[in-house]
Amino acid sequence: MTARARRKPQPLATEFFDRDPRRVARELLGKLIVRRVGRQTLIARVVETEAYLGKNDLAAHSSSGRTKRNEVIFGPPGHAYVYFIYGSHYCLNVSCMPDGVAGGVLFRAVEPIAGIEAMAQARALEVTELHRLTNGPGKLTEALSITRADNGMKLTDATQSLYLAEDDFPKPRVKTTPRIGITKAADLKLRYLVVGNPFVSRA
DNA sequence: GAGGAGATCGTCT
DNA sequence: GACGATCTCCTCT
């Protein structure tokens with residue numbers, strides 16, 4: 001399936017990200033990730049996020065201070081923080097809070113909307129295995145061909161090959177749970193997901 | 001279906 | 001030199 005004849009998704013404003021990551025993580029649900037790969041446009045709807053706070057959050061990469069690796073989440077809001085983990089996976093975050101203050105939101109799962117064949121190809125899966133395509137942070141970056149090369153990219157600019165956009169999607173029902181895959185500060189309920197959506201990583 | 005462990009390598013101490 | 005915001009496969013029930 002190719003992209004439908006829909007009007008070009010409008011990018012979110014930088015101010016959208018210039019706020020507390022908890023609010024951004026919740027309000028990002030239902031928004032779109034737009035990715036251009038060559039001549040193709042891949043579109044996916046955000047259905048699961050996690051907030052990582054700059055201060056008082058031992059699970060966040062920023063908790064031990066600014067390093068070369070994590071400097072994007074200390075920088076201006078609305079930029080991509082992509083890191084490599086466990087020897088084989090990339091994870092995509094967007095920086096939040098004003099320049100100089102750490103904070104970010106991790107994209108944990110998305111729902112494929114357009115360019116599904118290309119996503120399946122990138123994941124080496126059959127198109128029929130839709131539910132396995134993007135239901136995890138490492139999976140969605142693979143499906144959208146996101147790597148360290150995208151680190152630091154501005155996500156509020158529709159001329160970029162990766163950006164975040166508004167959608168007409170009705171306001172979803174949101175559930176809050178503890179974050180997944182972490183050992184520190186694991187009790188904080190900073191994971192947000194769309195209730196009933198089959199593409200979340202874990203219900 | 002649930003649970004456990006290995007893979008694998010960039011980054012920081 | 002140790003560890004990690006994960007994924008997949010394998011085993012057990």
Side-chain angles (χ1 to χ4, degrees), chain A residues 17 20-26 28-29 33 44 46-75 77-97 101-112 119-153 155 162 164 174-194 198-203:
Chain A
F17 302 98
D20 189 297
R22 284 168 289 203
R23 223 174 133 190
V24 177
R26 175 182 289 270
L28 270 176
L29 297 177
I33 297 181
V46 180
V47 297
E48 182 179 339
T49 58
E50 279 180 4
Y52 284 87
L53 317 178
K55 286 182 179 175
N56 308 319
D57 185 358
L58 291 172
H61 287 178
S62 54
S63 66
S64 51
R66 188 172 187 151
T67 66
K68 192 174 164 111
R69 179 203 197 195
N70 67 19
E71 60 185 0
V72 175
I73 44 175
F74 285 86
H79 288 249
Y81 169 46
V82 183
Y83 64 89
F84 187 69
I85 194 165
Y86 295 120
S88 51
H89 303 291
Y90 293 100
C91 292
L92 172 67
N93 297 244
V94 58
S95 60
C96 299
M97 304 293 279
V101 183
V105 173
L106 167 71
F107 293 92
R108 283 199 56 88
V110 298
E111 174 180 350
M119 294 187 206
Q121 198 169 14
R123 291 267 297 125
L125 289 176
E126 298 297 324
V127 175
T128 51
E129 299 178 281
L130 251 194
H131 60 288
R132 291 179 54 201
L133 214 49
T134 53
N135 63 335
K139 298 181 190 180
L140 73 91
T141 53
E142 188 175 12
L144 297 174
S145 303
I146 293 168
T147 68
R148 269 295 272 183
D150 299 299
N151 189 52
M153 188 178 295
L155 298 177
L162 179 67
L164 296 165
V174 176
K175 184 176 169 184
T176 314
T177 79
R179 293 174 293 187
I180 289 181
I182 55 173
T183 52
K184 302 168 201 158
D187 54 325
L188 299 176
K189 294 178 81 172
L190 295 176
R191 172 173 173 251
Y192 303 84
L193 56 94
V194 176
F199 294 95
V200 300
S201 65
R202 267 193 62 196

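A note on names: the letters A, B, ... follow the listed sequences, proteins ahead of strands, and every chain is numbered from 1. Every value quoted in this text rests on a predicted model; they were computed, and no experiment measured them.
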Would you say the side-chain atoms of A:N70 pair up with the backbone N or O of A:H61, donor to acceptor, closer than 3.5 Å? yes

Over 60° means perpendicular and under 30° means parallel, so tell me whether A:F84 and A:Y90 are parallel, tilted or perpendicular. tilted

Separation of A:L125 atom CG from C:dT8 atom C1', in whole Å? 11 Å

If C:dA2 has a Watson-Crick or G-U wobble mate with both distances under 3.5 Å, name it; if not, just say none. B:dT11

When you measure from the side-chain N and O atoms of A:R69 to the phosphate of C:dG4, is any distance below 4.0 Å, counting only OP1 and OP2? no

Rounded to whole angstrom units, what separation is found between the CG atom of A:L193 and the P atom of C:dA5? 20 Å

Distance check needed: C:dA5 P versus A:N70 CG, whole Å only. 12 Å

Watson-Crick or G-U wobble partner for B:dA5, using a 3.5 Å limit on both distances? C:dT8

Do the side chain of A:S95 and the main chain of A:H79 share a donor and acceptor less than 3.5 angstrom apart? yes

Which is true for A:F84 with a 4.0 Å heavy-atom rule: it touches a base, it touches only sugar-phosphate, or it touches nothing? sugar-phosphate

Rounded to whole Å, how long is the line connecting atom OH of A:Y83 with atom P of B:dC9? 18 Å

pi-stack flag for A:Y52 and C:dA5, centroid dist under 5.5 Å, interplanar under 30°: yes

OH of A:Y90 versus P of B:dT11: gap in Å, rounded? 9 Å

Applying a 4.0 Å non-hydrogen cut-off, can you work out what A:S88 is touching in the nucleic acid: base, sugar-phosphate, or nothing? nothing

Minimum-distance nucleotide (side-chain atoms of A:K139 versus C:dT6, C:dA5, C:dT8): C:dT8

Run the side chain to side chain contact (heavy atoms under 4.5 Å, CB included) test on A:L193 and A:L29 for me, step by step, so that the C-alpha distance in whole Å, both residues' side-chain angles and the decisive distance to 0.1 Å come before the verdict. CA-CA 7 Å; A:L193 56 94; A:L29 297 177; 5.6 Å; no

Report the distance from atom CD1 of A:I146 to atom C1' of C:dT6, rounded to the nearest whole Å. 16 Å

On DNA chain B, check which nucleotide each of A:H89 and A:S64 is closest to and give me the residue with the more 5' one. A:H89

Mind checking A:G87 for me? I need base, sugar-phosphate or nothing, with any heavy atom below 4.0 Å counting as a touch. base

From C-beta outward on A:R148, which listed nucleotide comes closest to its side chain: C:dG4, B:dT11, B:dC9? B:dT11

Below 4.0 angstrom from OP1 or OP2 of C:dT6, is there any side-chain N or O of A:R108? yes

Let me know the distance between OH of A:Y86 and C1' of C:dA2, rounded to the nearest Å. 13 Å

Member of A:L53, A:V105, A:L188, A:T176 meeting the side-chain contact (heavy atoms from CB on, under 4.5 Å) criterion with A:R22: A:L53

Let me know the distance between CD1 of A:I85 and P of B:dA7, rounded to the nearest Å. 18 Å

